[in-house]
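All values below come from the heavy atoms of this structure, side chains included, with hydrogens, waters and symmetry mates left out.
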Amino acid sequence: MNQLYPHIFQPLQVGNVTFKNRIFSAPSMGHMMQNNAPTYPEPAMIKNYLEKAKGGVAQVECGGQQVNQPGKDPIHSNFDIEDPTGWRNFIHFTDAIHFYDCKCSYELIHFGSEGEYTEEAKKNKIYGCSDFTRKDGLHFYQMPEEEMEKLADRYAHLAECVKFCGFDTLLIHGGHGTLLQEFVSPRGNHRTDEYGGSMANRAKFPLMVLDRIREKVGRDLLIEYRISGSECVPGGFEIDECIEFVKLIQDRIDIIHVSAGVVREPRLRAITHPTGFLAPACNVHLAAAVKACPDIHIPVLGLGAFQKPDDIEKALATDQADIIAMARGLIADPLTIAKAKAGKPEKIVPCIKCFRCLDEFKTTHKYVCSVNPEAGREDFTDMMVPKKWHKNHVGIIGGGPGGMYCAMKAAQRGHDVTLFEKEATLGGQLKEAAFMRFKYDLYDYEKYLIDQISTCDNIKVITNCNATPDMIRAMGFDTVIAAVGATPIKPRAISGLDGDNVLTCAESFFSGKPIGKNIVIIGGGQAGCETAIHYASNGHKVTILEMQNTLAKDAMRTYREELLGQLDDHHITIITGGKCTQVNDNEVLYQDANAQIHALTCDTIILAMGMRANTALAESFRDTAPEFRALGDCTKVGNVQTTIRAAYDAANCIGADLID
């Protein structure tokens with residue numbers, strides 16, 4: 001028995017399957033690792049999932065085959081386990097996962113009226129539970145019984161293929177407002193036939209699907225079922241109905257997943273995939289309610305922003321769930337469970353809930369993780385990282401996230417590293433997270449990096465040191481890395497920005513200057529919006545002045561939706577399309593789209609107008625060592641993800657032996 005986490009590492013027998021512990025990797029689809037044409041997992045996708053199996057989870061859930069056919073698009077993968085030309089690859093997939101004594105699950109999902117459909121697919125009649133016209137104008141027709149029969153048969157045939165390809169379990173997604181949940185939810189089901197009205201009627205189609213599947217696969221394939229314990233909307237599906245529904249289906253399934261929210265409602269996505277505005281493990285109360293029902297006898301799985309082993313152990317120990325699923329936490333660190341088992345939870349890389357894993361690919365065609373620079377490129381990391389290198393004496397200038405990560409990775413590869421930081425403490429821009437309670441994940445990541453640096457014997461940290469090229473040159477480093485970051489922009493065209501009551505976001509936290517009751521924030525990007533929410537939640541009256549017509553364009557979709565909602569919750573005044581022209585002692589002047597000048601009265605002005613790369617400073621160190629590299633914001637202003645990936649790349653290239 002694991003002494004630190006006895007409940008996590010207690011095996012679980014379900015039917016004819018034994019799970020070695022109580023942690024599942026929740027279904028996630030690494031789009032953009034997978035080409036869009038193949039209907040089967042390619043090596044890049046297999047390697048991504050394999051990292052989680054290697055990391056010690058009991059089961060890896062392969063996410064996301066759509067049961068219907070919404071059409072192929074440029075960004076989403078198009079698995080189809082029904083296509084026999086791909087069976088070989090699916091069998092390779094399950095064989096690889098089983099190598100690590102890990103079970104495999106395959107997810108089937110029909111998004112119904114929550115889904116995305118290509119223009120080609122829209123030419124055909126699209127069925128949902130009920131007649132319904134979406135906000136974007138797409139109409140869904142009430143699914144007739146003959147279509148329901150066809151769809152149930154398709155689920156069953158797909159299940160046969162899942163069993164044939166060696167999967168241990170089948171996950172039926174019936175939550176988050178998808179088709180099967182539409183049927184059981186009063187929000188989505190407005191039918192007047194035998195499939196509408198009472199819960200017994202609303203459950204008939206999901207029961208039909210499960211019965212058809214069991215007819216084909218018997219009990220040899222475990223069935224998991226995901227449901228939203230609460231849709232979190234007025235008139236929606238709630239926990240009492242969830243419990244009633246689980247009672248109806250429990251003899252047909254083996255494990256119930258209890259989640260929350262729906263897909264297409266903006267702020268509900270941020271409940272299904274919780275942001276930092278919610279506490280860790282915020283949805284587990286729904287699983288706990290299901291598990292507490294004495295009439296429910298199957299294992300209950302809880303999920304929703306579980307990251308820390310202590311939180312997981314507590315949920316299991318207090319009977320809130322039998323199993324916990326993790327998604328983003330295992331993308332951030334696939335070795336989370338192995339580190340917990342080894343009694344080294346402090347080595348786990350924290351997820352910062354930035355949502356780049358969930359949303360980035362939709363605009364940039366890249367699958368990335370801010371804190372795991374190997375995510376999305378697991379299959380070719382081995383091709384990039386030099387196999388041979390010699391030990392270097394490395395100087396790194398800048399103790400922000402890029403400098404710290406580069407130092408940590410370089411030290412892990414055996415180099416001796418000296419890290420220079422001009423401030424009294426490490427952290428760089430990450431230090432701002434300590435002031436904003438909804439940035440607790442980023443604060444944890446800062447602490448993680450500092451802890452790794454402090455416990456590494458071959459890293460020497462020199463703080464309060466404004467390093468110069470002459471000083472660095474004199475120290476005789478083999479390699480010098482410049483990670484000197486960026487500087488807040490203060491446009492010269494705007495007069496008055498040097499006033500005592502004008503601060504940057506960082507200065508508002510660190511300068512010690514008093515912050516007035518009435519604040520104007522110039523700049524409505526993610527940083528400006530977060531700063532506004534922080535001060536508004538602490539009793540200040542806040543106005544955001546943004547030159548563009550939209551706010552937080554640099555934030556990921558799911559987080560941005562919640563961010564905008566928080567601005568509204570905190571009654572923050574928003575002015576878009578307004579160009580600041582002048583700042584006076586207690587006044588901000590701006591010009592609107594019609595060239596009219598307006599004045600905003602305020603006590604404090606906070607600048608959130610972006611950052612400018614310290615390129616010249618970085619380049620001043622270029623000739624201080626035989627090998628030099630600049631990384632992060634001093635080359636091009638980015639974010640945590642671009643900085644950490646650049647730091648990983650730089651560290652792995654230090655001392656490379658490329659010539660035999």
key: Test side chain to side chain contact (heavy atoms under 4.5 Å, CB included) applied to C580 and V588, step by step   = CA-CA 7 Å; C580 180; V588 172; 4.0 Å; yes
task = May I have the step-by-step check of side chain to side chain contact (heavy atoms under 4.5 Å, CB included) for D554 and N639, ending in yes or no?
result = CA-CA 9 Å; D554 53 335; N639 48 55; over 6 Å; no
query = Given the rule in the side chain to side chain contact (heavy atoms under 4.5 Å, CB included) test, do T272 and V263 qualify, once you have shown the distances and angles that lead to the verdict?
reply = CA-CA 8 Å; T272 302; V263 174; over 6 Å; no
message = Please determine whether side chain to side chain contact (heavy atoms under 4.5 Å, CB included) holds for the pair M556 and L358, giving the CA-CA distance in whole Å, both sets of side-chain angles, and the decisive distance to 0.1 Å.
response = CA-CA 9 Å; M556 291 292 98; L358 181 65; over 6 Å; no
Check against side-chain hydrogen bond (donor to acceptor under 3.5 Å, both in side chains), T604 and Y535 = CA-CA 11 Å; T604 299; Y535 283 112; over 6 Å; no
ask   = Between Y440 and K353, does a side-chain hydrogen bond (donor to acceptor under 3.5 Å, both in side chains) hold up when you go through it step by step?
value = CA-CA 10 Å; Y440 62 85; K353 295 195 182 93; 3.2 Å; yes
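With sequence neighbours excluded, the residues that form a side chain to side chain contact (heavy atoms under 4.5 Å, CB included) with E51 are K47, K54, P334, E378. With sequence neighbours left out, the salt bridge (charged side-chain N to carboxylate O under 4.0 Å, His left out) criterion links R612 to no other residue. Residues that satisfy the ring pair (Phe, Tyr, Trp, His ring centres under 6.0 Å) test with Y5, not counting sequence neighbours, are absent from this structure. Residues that satisfy the side chain to side chain donor-acceptor pair (under 3.5 Å) test with T576, not counting sequence neighbours, are absent from this structure. For Q452, the side chain to side chain contact (heavy atoms under 4.5 Å, CB included) partners at least two apart in sequence or on another chain are K347, M408, Y448. In terms of the side chain to side chain contact (heavy atoms under 4.5 Å, CB included) criterion, residue partners of E562 (sequence neighbours excluded) are, by chain and number, R267, A270, T275, F277, Q566. Take F380 and apply the ring pair (Phe, Tyr, Trp, His ring centres under 6.0 Å) test, not counting sequence neighbours, and it matches no residue. Considering only residues two or more places apart in sequence or on other chains, H415 meets the side chain to side chain donor-acceptor pair (under 3.5 Å) condition with none of them.
In terms of modelled atom types and a separation under 3.5 Å, the side chain of T531 and the main chain of A527 share a donor-acceptor contact. Judged by distance alone, with hydrogens and angles left aside, the side-chain atoms of S537 form a donor-acceptor pair with the main-chain N or O of H534 at under 3.5 Å. Of the possible donor and acceptor atoms, none in the side chain of Q641 sits under 3.5 Å from a partner among the backbone N and O of V368. The backbone N or O of V385 lies less than 3.5 Å from no partner atom in the side chain of N652, so there is not a single donor-acceptor pair. Side-chain N or O atoms of N283 include none that pairs as donor or acceptor with a backbone N or O of S259 at under 3.5 Å. In this structure, the side chain of E313 engages the main chain of H7 through a donor-acceptor pair within 3.5 Å. In terms of modelled atom types and a separation under 3.5 Å, the side chain of N518 and the main chain of T601 share a donor-acceptor contact.
Taking the six-membered ring where the residue is Trp, Y405 and Y648 present tilted rings, their angle falling between 30° and 60°.
Put simply, the side chain of E432 does not reach to within 4.5 Å of the side chain of E530, judged on heavy atoms. Side chains of D592 and H598 form a contact here, defined as non-hydrogen atoms less than 4.5 Å apart. You'll find the side chain of M326 reaches within 4.5 Å of the side chain of I23, heavy atoms only. T425 places a side-chain heavy atom less than 4.5 Å from the side chain of K431. Side-chain contact between L449 and L426 is absent, with no heavy-atom pair separated by less than 4.5 Å. At a threshold of 4.5 Å between non-hydrogen side-chain atoms, the residues I494 and I522 do not count as touching. Counting heavy atoms from C-beta on, the side chains of V640 and C354 never come closer than 4.5 Å. Using a 4.5 Å heavy-atom cutoff, the side chains of I644 and V371 are not in contact.
Checked for salt-bridge contact, D311 and K308 miss the test: no charged N lies under 4.0 Å from a carboxylate O.
For R328 against C357, the heavy-atom pair with the smallest separation is CG-SG, 3.7 Å. Summarising the geometry of Q307 relative to P350, their closest heavy-atom pair is OE1-C, 4.1 Å, with the distance given to 0.1 Å.
Atom NZ of K339 is separated from atom CG of D333 by 3.5 Å, given to the nearest 0.5 angstrom. The structure places CG of D603 at 6.5 Å from CG of N586, a figure rounded to the nearest 0.5 Å. Interatomic distance, CD of E360 versus OG1 of T363, reported as 5.5 Å (0.5 Å rounding). Atom CG of L303 sits about 9.5 Å away from atom NE2 of H273, to the nearest 0.5 Å. Atom OG1 of T558 and atom CZ of F355 lie 5.5 Å apart (nearest 0.5 Å). With values rounded to the nearest 0.5 angstrom, I515 atom CD1 is found 5.5 Å from I606 atom CD1.
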Let me check something: any side-chain donor-acceptor pairs from residues 471-487 under 3.5 Å, sequence neighbours excluded? List them with distances.
| residue | atom | partner | partner atom | Å |
| --- | --- | --- | --- | --- |
| R473 | NH1 | D470 | OD1 | 2.8 |
| R473 | NH2 | D623 | OD1 | 3.0 |
| D478 | OD2 | H393 | N | 2.7 |
| T479 | OG1 | N392 | OD1 | 2.6 |
| T487 | OG1 | N614 | OD1 | 2.7 |
| T487 | OG1 | N614 | ND2 | 3.4 |

Donor-acceptor pairs are to be reported for all side-chain atoms of residues 541-552 against protein atoms at under 3.5 Å, with residues two or more places apart or in another chain.
| residue | atom | partner | partner atom | Å |
| --- | --- | --- | --- | --- |
| E546 | OE1 | G524 | N | 2.5 |
| E546 | OE2 | Q548 | N | 2.8 |
| Q548 | OE1 | K553 | NZ | 3.4 |

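Pairs engaging residues 628-651 under the salt bridge (Lys or Arg N to Asp or Glu O under 4.0 Å) rule: R377-D649 [sequence neighbours left out]. Residue pairs satisfying the side chain to side chain donor-acceptor pair (under 3.5 Å) criterion with at least one member in residues 490-503, sequence neighbours excluded, are absent.
For D585, the CG atom sits in a loose shell: 12 or fewer heavy atoms of surrounding residues, nucleotides or ligands are nearer than 6.0 Å.
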